[in-house]
Amino acid sequence: MITISMNNHTWKSYVYAVCGMIGIFALILFAMGHVPICECGYIKLMSGITQSSENSQHIADWYSFSHVIHGFGFYALFWFLGKRIRRNSSDAKKKNLPIGARLLFAVLVEIAWELFENSDFIINRYRAATISFDYYGDSIINAVSDVLFMMLGFHLASKLPIWATITLIIAMELFVGFMIRDNLTLNIIMLLYPFQAIKNWQMGA
């Protein structure tokens, strides 16, 4: 069995920590008033209609691709930060940042974003500035799935060459953009500085 250590932690410790973080995340969402599953009363593997009250309520939807891309980005970010830590440290071995620790940080950031995304401020922003008119926040199962999709992206980025990761990002953005006239790039643009022309195009005008 191969272990990667930081302060004598093993992969099993990282798995327990990630599971604990996700469990606490789910409890916080429940305390915030989010429903465990879709109020429709059933669970779908994939919800394909974006302009629907069931969007972001089931296990996966078109925005799950965005969370895979989050994982790509977080892997690159914490790989870079880990290299900087080693480079600037007089004790490089002690300061080494193993992939398990980087995953923990990635999960923490993704959970922080999910909590912010499911706050009243962002929910209202989505409904006012984007095409998500029926969005009232994620169900707990969908939010947890978003974190898992991020972890999938993180894992893929750790295994794939850089060119393949970049190719996947471009392919997913183009594919999702073609299918629903929205993707991670457009989502960020419309949240930060909404363009009426983009909104009209997304609505099919």
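Positions are given from 1 along the sequence.
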- Message: A side-chain contact here means heavy atoms from C-beta on lying under 4.5 Å apart; do Leu148 and His67 qualify?
- Response: no
Under a 3.5 Å distance rule, please check whether Gln57 uses its side chain to pair with a backbone N or O of Gly137 as donor and acceptor. yes
Taking the six-membered ring for Trp, are the ring centroids of Phe154 and Trp79 within less than 6.0 Å of each other? no
Check: Between Phe78 and Phe105, does the ring centre distance come in under 6.0 Å?
Finding: yes
Worksheet item: Counting only heavy atoms not in Ile49, do more than 12 sit closer than 6.0 Å to its CD1 atom?
Response: no
Item to complete: Please check if the side chain of Thr167 supplies one atom and the backbone of Trp163 the other of a donor-acceptor pair under 3.5 Å.
Response: yes
In terms of heavy-atom contacts, Trp62 and Ile180 come closest through CD1-CG2, 3.4 Å
Tell me, do Val18 and Val147 make a side-chain contact under 4.5 Å, heavy atoms counted? no
- Message: Is there a side-chain contact between His58 and Asn142 in this structure, where contact means two heavy atoms from C-beta onward sitting under 4.5 Å apart?
- Response: no
When the aromatic ring centroids of Phe195 and Tyr193 are compared, is their separation below 6.0 Å? yes
Closest non-hydrogen atoms of Phe74 and Glu110, given as atom of the first, atom of the second and distance, are CE1-OE1, 3.3 Å
**Candidate pair Leu81 and Arg102, rule side-chain contact (heavy atoms from CB on, under 4.5 Å), full reasoning** = CA-CA 9 Å; Leu81 291 178; Arg102 283 182 265 151; over 6 Å; no
